[in-house]
**Student:** 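Right, I'll just put the structure down here and ask away after.
Within every chain, numbering begins at 1; the chains are lettered A, B, ... in the order of the sequence lines, protein sequences first and strands thereafter. Please read all numbers here as calculations on a predicted model, not as lab measurements. These numbers come from the heavy atoms of this one structure, side chains and all, not from hydrogens, waters or symmetry mates.
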Number of protein chains: 2
Amino acid sequence: MSATTGTARLRHFITAMTRLVGEAESDEARILAEGKPLLAELVATDDWLPEAFAQPHPVHYRQYLLHCDPLERFSVVSFVWGPGQRTPIHDHTVWGLIGVLRGAEEAEMFAPDRVPHAEGHERLDTGMVAAVSPRIGDIHRVRNAFEDHVSISIHVYGANIGAVSRHVFDTTTGAPKGFVSGYANDTLPNPWRD
Amino acid sequence: MSATTGTARLRHFITAMTRLVGEAESDEARILAEGKPLLAELVATDDWLPEAFAQPHPVHYRQYLLHCDPLERFSVVSFVWGPGQRTPIHDHTVWGLIGVLRGAEEAEMFAPDRVPHAEGHERLDTGMVAAVSPRIGDIHRVRNAFEDHVSISIHVYGANIGAVSRHVFDTTTGAPKGFVSGYANDTLPNPWRD
Ligand SMILES: [Fe+3]
Ligand SMILES: [Fe+3]
Ligand SMILES: [Mg+2]
């Protein structure tokens, strides 16, 4: 067992993911298979996310960049949901792993040619990890499972996700619209400090 | 010519250094030779360092981490000198590149067996880049060349420098003492934002 505490958890996750993407290269199935237990370990203990990256916005969900691989092969973000907040229907265009650090979230899944009619539904409780990608299902709508408190999930994507050109889909017609999410933060955590 | 502005300069430097250390591996001479013009380009324009990482301390020089390679093969720091501030005599134990972004600094160089008697002296003005390493000379004492304003240099080292066990040397006797510098900051710039 490791005696890892605090921000060292994020540092160890970054190091392990960096080694994984370096070895796996474009083998997405391997990245998802081996990345899943790494993310599960990261979200198993809620003691490492600095407060600045856990702040909800009063109106919208927030996406804080925690780390971007310097070759932009992957990025790690904290998704902070205020009470009852939700995303639009959206895609990612790259692989993604979603781990719930605090609270719970509910997701509806869509097939590309069936938006806005949901194909399925799943609930992710604290500590659970799910995956998305164009290969395995890339379109969803996600919301905080709670109407009365904040939920936080940690997402890992196969690109600098804040800069990726992707899509949101109209809730009524399913019509796609271009979308670049950006990030809420102009500073990152410093996990190299101790 | 590139139209790079603002924090994109730091992003491009990080990307280029990451590629360089990945290709050069342990070839220090290559890293210094090819890293030098990259750092010279970074410090050629003083428009990209966020204010939070340019703040002097009233008493001591300050070292802010700007980026650490996720495999800890190199790190990038801003060294902020208040008026008249100086380092002790110290070593690094790894390669380093020093580029002056703002103001100027003066360095005295020491041979390992001759501390505290300086072997040489150099002045680095804005835009200039110098190198250190155990191979080419690793012990120096550096100070702000100005008694009346702040100077800032950008340093790149062949490790997570804040965590490296190295040495300071007594100014009178030359006796070494163990030293780990750490970093002043618990957040980093976010150069992946746009
Ligand atoms: Fe999503
Ligand atoms: Fe030095
Ligand atoms: Mg920061």
**Student:** Establish, yes or no, whether the cationic atom of B:Arg123 lies under 6.0 Å from the six-membered ring centre of B:Phe146 and within 45° of the ring axis.
**Tutor:**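 Yes; both conditions hold, so B:Arg123 lies above the ring face of B:Phe146.
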
**Student:** Is there a side-chain contact between A:Leu49 and A:Leu66 in this structure, where contact means two heavy atoms from C-beta onward sitting under 4.5 Å apart?
**Tutor:**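 Heavy-atom side-chain distance check passes, below 4.5 Å.
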
**Student:** Among A:Ile14, A:Val180, A:Thr15, which residue has the highest count of heavy-atom pairs closer than 4.5 Å to chain B?
**Tutor:**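 That would be A:Thr15.
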
**Student:** Just jot down the side chain to side chain contact (heavy atoms under 4.5 Å, CB included) partners of A:Ala163, sequence neighbours excluded, or say none.
**Tutor:**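 Only A:Asn160 meet the side chain to side chain contact (heavy atoms under 4.5 Å, CB included) criterion with A:Ala163.
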
**Student:** Mind checking side chain to side chain donor-acceptor pair (under 3.5 Å) for A:Thr126 and listing every partner two or more places apart, or none if nothing turns up?
**Tutor:**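 Side chain to side chain donor-acceptor pair (under 3.5 Å) check on A:Thr126 returns nothing, list empty.
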
**Student:** Using the side chain to side chain contact (heavy atoms under 4.5 Å, CB included) criterion, which residues pair with A:Ala40? Sequence neighbours excluded.
**Tutor:**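 Testing A:Ala40 for side chain to side chain contact (heavy atoms under 4.5 Å, CB included), a comparison that skips the adjacent residues, returns A:Val129.
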
**Student:** Cation-pi check, A:Arg114 to A:Phe169: give yes when NZ or CZ is under 6.0 Å from the six-membered ring centre and within 45° of the ring axis, no otherwise.
**Tutor:**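 No.
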
**Student:** Could you look at A:Ala184 and say if it's the side chain, the backbone, both or neither that has a heavy atom under 4.5 Å from chain B?
**Tutor:**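 It is the backbone, since no side chain atom gets that close.
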
**Student:** Using non-hydrogen atoms and a limit below 4.5 Å, what part of residues 84-101 of chain B faces chain A?
**Tutor:**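 Expected list: none.
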
**Student:** In a check of ring-ring contact (aromatic ring centres under 6.0 Å, His included) between B:Phe79 and each of B:His57, B:His60, B:His155, which one passes?
**Tutor:**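 The residue from B:His57, B:His60, B:His155 that satisfies ring-ring contact (aromatic ring centres under 6.0 Å, His included) with B:Phe79 turns out to be B:His155.
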
